[in-house]
Amino acid sequence: PLTLGTVHDVVFSFKLGAVGYEQVWLDGKEISNLSNIPVGTNLEDGYSMRLGPYYGGGMAGNQIVQTYGNIAAFPSSTSLISRITNRPAW
């Protein structure tokens, strides 16, 4: 669970497609590592993904604010370990 009123550092690494993968780190700790799974939505223009603050309920009257930073989207096999272990100063 996420703590409200706190800045969290989230790092995603994923490959879109019918047979893709995803890895997610929250505040420097790996919380998900799945492979050989469909990732994204297969639309007319190919696979795509949308990231945002989706929540199923219980937040009535609360404001959710998100800020994205240090975004890099490119095909790469570069390790993300330095980004995960050296979190930016928010």
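For the numbers below, each heavy atom of this structure counts, side chains included, while hydrogens, waters and symmetry mates do not.
Linking ILVMFWY residues whenever their side-chain heavy atoms come closer than 4.5 Å, directly or via other members, leaves Ile81 and Leu26 in distinct clusters. Under the 4.5 Å side-chain heavy-atom criterion for ILVMFWY residues, no single connected hydrophobic cluster contains both Ile84 and Phe12. Clustering ILVMFWY residues whenever any of their side-chain heavy atoms sit less than 4.5 angstrom apart, transitively, puts Val24 in a cluster other than the one holding Val11.
Note that CG of Asn36 is 9.5 Å distant from NZ of Lys15, once rounded to the nearest 0.5 Å.
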Could you walk me through whether Glu22 and Ser32 satisfy the side-chain contact (heavy atoms from CB on, under 4.5 Å) test, starting with their C-alpha distance in whole Å, then the side-chain angles of each, then the deciding distance to 0.1 Å, before giving a yes or no? CA-CA 7 Å; Glu22 65 86 17; Ser32 181; 2.4 Å; yes

Step-by-step side-chain contact (heavy atoms from CB on, under 4.5 Å) determination, Trp25 to Leu80: CA-CA 10 Å; Trp25 294 264; Leu80 293 173; 4.2 Å; yes

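Residues Val7 and Asp27 come closest through the heavy atom pair O-OD1, 4.4 Å. Closest approach of Ser35 to Tyr21, counting heavy atoms only: CA-CB, 3.9 Å.
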